[in-house]
There are 2 protein chains.
Amino acid sequence: MARPRIDDVARAAGVSKTAVSFAFNQPDNLNAATRERILAAAAELGYLPSPIARRLASRRTDQIGLVVPQATHHVFANPFLPELLRGIGDVCDAEGISLVIVPPVGGSIARAVEGALVDGLVLLGLEPDHVELELVRKSGMPVVALDVDSWEDAGVISVDEAGGADAAARHLYTLGHRDVAVVLIAEHPDSGVDESRGISARRLRGIRDGFDAAARETGGAEVQVRILSSTVSEDGGRAAFAELQADGLPSAIIAITDITAIGILLAAREAGISVPDRLSVVGYDDVPASAWTQPALTTVHQPIREKGRLAAQRLVDLLRGRESRQLGTELLATRLVVRGSTAPAADGRHPSDARASPGGGGVAHP
Amino acid sequence: MARPRIDDVARAAGVSKTAVSFAFNQPDNLNAATRERILAAAAELGYLPSPIARRLASRRTDQIGLVVPQATHHVFANPFLPELLRGIGDVCDAEGISLVIVPPVGGSIARAVEGALVDGLVLLGLEPDHVELELVRKSGMPVVALDVDSWEDAGVISVDEAGGADAAARHLYTLGHRDVAVVLIAEHPDSGVDESRGISARRLRGIRDGFDAAARETGGAEVQVRILSSTVSEDGGRAAFAELQADGLPSAIIAITDITAIGILLAAREAGISVPDRLSVVGYDDVPASAWTQPALTTVHQPIREKGRLAAQRLVDLLRGRESRQLGTELLATRLVVRGSTAPAADGRHPSDARASPGGGGVAHP
DNA sequence: TTGAAAGCGATACCAC
DNA sequence: GTGGTATCGCTTTCAA
């Protein structure tokens, strides 16, 4: 027999569809007796409200989407994502909202968003002026963007990139590093990086500024910065290391992402390059795994779970019409966590520089 | 102005709703000219089909759910899940299906499943006779279960637990370990473990059998197995270590999950207990991070991504009515990966035993 | 090829 | 409190 519908229950209980609907959604509108009778009839028939029909009628999906810039396979290679999801999940679970992963469809984010069955979106790794996002803005769908400078008509949760990058740069400078490679995110495995935009750009800028400031303040030599990029994965890190080794290793590497730094660490170990004696490595994000390696990773900490939680809460507030603080940017603090992967530059070419700013290890950042 | 609907487009293009629907879904039913005209009108109006209405009418959500046994916050603390998702994502992305995480609602899996907007489910960490799953079976919703022995009317993808556990046990036995603690999964932080069921039970049984077989075959002493449980997280591992240290450390610990083993490893290091010299640690699953620690973790490998891929593919085949191989159990191979966290037992009480089965390190398992 | 009309299965407004 | 009834916005036979 076919799945029972609301009319069947109504008939069986001798009431109207409305009453049945109330029994499930607004029990208080019914007196106890009728409610019981309806529920009994429903149970008897094995009736359960159709999730889809319910959504169409109520015009709410009770789902939010996390829009990611790449295929699921790739984005989950970065331990950052699970951490973010733990934060988002805190809110979703509490609010009875389901979370959908929204990766590009056929390479198109716009197409993915068009078809997404959601009431709102959290945007990860996307810049406000991304072409494909035009649709999103004019659709009027509630949106919270992560890690952007600002976004008209959208909530924004970001972290103090400049501060974190600055701390990392000064830390290395103080240790005497003057030849530093920075490994950015390659959006597309092939194409180079656009150094002017996105999170890679912001972190790189912060790092450069940090080095410049350190040199200026101490009167020391400028840092020679080499730029390269890799996919965000352990293998990406390994590839970056290989590339650098072929060119001649710098004394320190900053990876824009911990997982990349981990790949570098492992590749270095396997190549017999001692970290941190011969090579210092700095990561970014402070995912849990960055504390598991040996040496543990010096990295820029950001409150990932908290970020997810705030983003989701902000989105839900928007959806529920809670006007709390809706828009505007929330900026979370970062701080440098110094662990074992960084040490004084081994080449000894700049000992005086290193001593020039004693105690300037820049361990903490507001 | 309100969001345009299909009728608006139909009117603007001077056609019927059907034609508009065809233009988007079955373009071949229309001649090029009308199709273009309709699409143009749609673009003009900024029309996009409503995701919800489309689903109600077609009776398909184009979403599948991954049912997990605990809150999002907890399940994502285990790096196993992201790996599984990478596999599932391969299929979903390719098939144009969205993935929804389905954690319990108010502690109830049944309630979560009732309300889930999905065409089918992948079940993780749930036993076939779980009370709350009765609903699922009688709902007739297509289901693929992970890591169960068998499940009537459901596809099953599992791994050779017995083989992996056996290899791990023999490995330790050969190394001379006779006092071994096994850390199982605590479903609920407080309640103890049910040693008779679930994945903990199967792995424990395999371990015990492995020890017994090794003792029997070598004529050596039996292994004293201590059982405890912890939550699946780094902290859970730390707690387990603390508990064991208070009771007197065994010579080896097998954790039923890598993340637990990692927690144990870190706690041991911090406590000044040398791994593997004083304490051997074995994990299970072989998540990527198990190769990042120092020493790297000896662990039972299972093809996590492949498992996710197979499960999702099976489910999609079911949904699409591809009768390929639908039901029945698919069993994937496991194998012991020996890395640095295991070494001969330090207490030297069983050197002869250790030598009794030379070369029996059980590195590989079919 | 195109169109008319009947669902899809609820919700929610508005009288009673 | 309870029950008609319009509505949500599209898909999909079935005829023309």
Side-chain angles (χ1 to χ4, degrees), chain A residues 1-39 41-42 45-63 96 114-119 139-141 321, chain B residues 1-39 41-42 45-63 114-119 139-141:
Chain A
M1 95 195 165
R3 176 173 175 156
R5 301 175 311 164
I6 195 169
D7 312 80
D8 302 320
V9 179
R11 203 171 309 123
V15 297
S16 73
K17 297 197 318 183
T18 312
V20 180
S21 178
F22 279 164
F24 280 85
N25 303 313
Q26 304 169 55
D28 296 340
N29 285 359
L30 265 37
N31 70 41
T34 28
R35 193 201 325 150
E36 292 309 324
R37 184 154 43 90
I38 295 173
L39 258 24
L45 294 172
Y47 168 80
L48 286 175
S50 152
I52 314 187
R54 182 206 277 274
R55 259 91 167 184
L56 173 59
S58 67
R59 274 174 293 280
R60 295 186 353 194
T61 64
D62 289 320
Q63 295 196 140
E114 278 177 32
L117 209 50
V118 299
D119 298 327
S139 77
M141 177 172 289
Chain B
M1 96 199 163
R3 179 175 172 155
R5 301 175 311 161
I6 195 171
D7 312 78
D8 301 321
V9 180
R11 202 171 310 123
V15 297
S16 72
K17 298 196 315 183
T18 314
V20 179
S21 177
F22 279 164
F24 281 86
N25 304 311
Q26 304 167 56
D28 296 342
N29 284 0
L30 264 38
N31 71 41
T34 28
R35 191 197 329 147
E36 291 310 324
R37 185 155 41 91
I38 294 173
L39 260 23
L45 295 172
Y47 167 80
L48 286 174
S50 151
I52 314 186
R54 183 206 276 273
R55 259 89 167 187
L56 174 60
S58 66
R59 277 175 293 281
R60 294 187 355 194
T61 64
D62 288 321
Q63 296 196 141
E114 278 177 33
L117 211 49
V118 298
D119 298 328
S139 77
M141 176 171 289

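Keep in mind that this is a model prediction, so the values were computed, not measured. So you know, we letter chains A, B, ... as the sequences are listed, proteins then strands, and number each from 1.
- Set against C/dG7, D/dT12, C/dT11, the side chain of A/K17 has C/dT11 as its closest nucleotide.
- Phosphate contact (OP1/OP2 of C/dT11, side-chain N/O of A/S21, threshold under 4.0 Å): present.
- Closest contact between the side chain of B/V15 and the listed nucleotides C/dG3, D/dT12, C/dA10 involves C/dG3.
- Among D/dC10, C/dA12, D/dC8, the nucleotide with an atom closest to any side-chain atom of B/R54 is D/dC10.
- Comparing D/dT11, C/dA10, C/dC8 by their nearest atom to the side chain of A/P49 picks out C/dA10.
- Comparing B/T18 and A/V20, the nucleotide of DNA chain C nearest to each residue sits closer to the 5' end for B/T18.
- The listed nucleotides are D/dG3, C/dT11, D/dG9; the one nearest the side chain of A/N25 is C/dT11.
- Among D/dC8, C/dA10, C/dA12, the nucleotide with an atom closest to any side-chain atom of A/R5 is C/dA10.
- If you check C/dT2, C/dT11, D/dT2 against the side chain of A/F22, the one that comes closest is D/dT2.
- Taking the screw axis at each terminus of the helix from C/dT1-D/dA16 to C/dC16-D/dG1 from five consecutive base pairs, the angle between the two is 30° to within rounding of 10 degrees.
- Counting only heavy atoms from C-beta on, A/S50 has its side chain closest to C/dA10 among C/dA10, C/dT2, D/dG3.
- In this view, B/R5 and B/D7, B/D8 satisfy the side chain to side chain contact (heavy atoms under 4.5 Å, CB included) rule, not counting sequence neighbours.
- Residue B/I52 contributes atom CD1, which lies 13 Å from atom C1' of C/dG9 at whole-angstrom precision.
- Using modelled atom types, no side-chain atom of A/S21 and backbone atom of A/K17 make a donor-acceptor pair closer than 3.5 Å.
- Contacts of residues 28-39 of chain B with DNA chain D (heavy atom under 4.0 Å): none.
- Across all strands, A/Y47 comes closer than 4.0 Å only to sugar-phosphate atoms, never to a base (heavy-atom distances).
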